[in-house]
Amino acid sequence: MLLRIAVQAKGRLFEETMTMLAESSIKIEQTKRTLLVPAKNFPVEILYLRDDDIPQAVASGIADVGIVGENEFEERQEDAEIVKRLDFSKCRLSLAIPNAQMPEYEKAGLSWFNGKKIATSYPGILKRFLQKNNINADIHVITGSVEIAPGIGLADCIFDIVSSGSTLVSNNLKEVEVVMNSEAVLIGNKNINAEKKEILNELLFRFDSYKNAEGKKYIVLNIPNNKISEAKKLLPGMKAPTVTALETEGWASMASVLEEKHFWEIIGKLKQLGAEGILVMPIEKMIL
Ligand code: PRP
Ligand code: ZN
């Protein structure tokens, strides 16, 4: 039995989804990309779809699980569940207006949108937001290049995905309201059988091991015995650092896990303590 995973055939989630599968040691033939591809060494098959179709494919059982943007899942309101938030492809869905309208907006606030024409590919989410805030606006659905709509007179403003914000800047638009934050999520059919659930659990375990290792380094160093306790405070490790006595009198070897973002700061402090022979190595997987 194979667990069928629907993934985006192209677009914003594609690369990172494929990396996550590869880093989880799931081998998928990537050259001849047909619609349905079984993995070589793990009981899953990949179904490549348009992101818009993934929620329904999972809800209906055409796929058992799917990896999709939370925004897309929220938009479709399909009967499936979020099994895991995947912590990549983060973006937000925001309302943005032409820069020139900012003085007006600063006076009116959200009510500026009353009577305006808003271009979007997410009419469902937008409609619910407008209703909640008692705003009467005209929703104009476009499937791509939403950001150019105000410039060509197709709409007054937009409701779209914002990530770096550079698309807005280059179209003279200003983000004025974040309606939802989004990231890649793994969604699941509500009725998958026990055998498939077991495959899914193994898959989630592998995803976790990969995610846990991300941004972490393994560090080994030599430290004078009388500095061990101070060094321990800098290197809490997963539980506690490993300390081993060295042949050289008065010295120990210490090993631990380090967050990459604190890397230089901690290395500096360790050197001040007299640490020597510091080795820093990448961590491929981390099982907690
Ligand atoms: C989204 C959105 C913007 C862009 C925003 O498009 O429609 O065009 O990303 O990203 P930025 O804030 O980093 O500039 P996406 O790449 O998802 O493709 P799409 O236009 O086909 O939806
Ligand atoms: Zn789409």
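Start at 1 with the first residue, then count along the sequence. For ligands, and for the atoms within them, numbers begin at 1 and follow the listed sequence. As the structure is a computational prediction, the values presented were derived from the model and not from experiment.
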Should you measure from each heavy atom of [X], which atoms of ligand 1 turn up under 4.0 Å away?
X    : result
S166 : 12 (O), 14 (O)
R12  : 1 (C), 4 (C), 6 (O), 9 (O), 10 (O), 15 (P), 16 (O), 17 (O)
S163 : 10 (O), 11 (P), 12 (O), 13 (O)

(Q) Is the ring pair Y122/F159 parallel, tilted or perpendicular, if the boundaries are 30 and 60 degrees? (A) perpendicular
(Q) Is it true that, when you exclude K285 itself, more than 12 heavy atoms of the residues, nucleotides or ligands shown sit nearer than 6.0 Å to its NZ? (A) yes
Q) Judged by non-hydrogen atoms, does V146 sit under 4.0 Å from ligand 1? A) no
Q) Measuring from the heavy atoms of G144, does anything fall under 4.0 Å of ligand 1? A)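 Per 4.0 Å heavy-atom rule, G144 does not contact ligand 1.
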(Q) Could you work out, for atom 7 (O) of ligand 1, the closest of I148, I161, V162, D160 by heavy-atom distance? (A) D160
Q.
If you measure every N or O of S164 against every N or O of ligand 1, does any of those distances drop under 3.5 Å?
A. yes
Q) Under 3.5 Å, N or O to N or O, is G165 touching ligand 1 that way? A)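 N/O-N/O distance below 3.5 Å exists for this pair.
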Q.
I need the full list of salt bridge (charged side-chain N to carboxylate O under 4.0 Å, His left out) pairs touching residues 213-222, with sequence neighbours left out, sorted by first then second residue.
A. K211-E214, K217-E260
Q) Can you list every pair that meets salt bridge (charged side-chain N to carboxylate O under 4.0 Å, His left out) and has a residue in residues 191-202, with sequence neighbours left out? A)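 Salt bridge (charged side-chain N to carboxylate O under 4.0 Å, His left out) check on residues 191-202 returns D64-K196, E202-R206.
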Q) Any idea which heavy atoms bring S253 and V220 closest together, and the distance? A)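 Reported closest heavy-atom pair: OG-CG1, 4.0 Å.
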Q | Criterion side-chain contact (heavy atoms from CB on, under 4.5 Å) against V68, the qualifying member of I54, D52, L49, V58 | A | I54
Q | ligand 1-proximal atoms of T167, by part, heavy-atom distance under 4.0 Å | A |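 Both parts.
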Q) Between E175 and S94, do the side chains contain an N or O donor and an N or O acceptor separated by less than 3.5 Å? A)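 Yes, because at least one side-chain N or O of E175 sits under 3.5 Å from a partner of the opposite role on S94.
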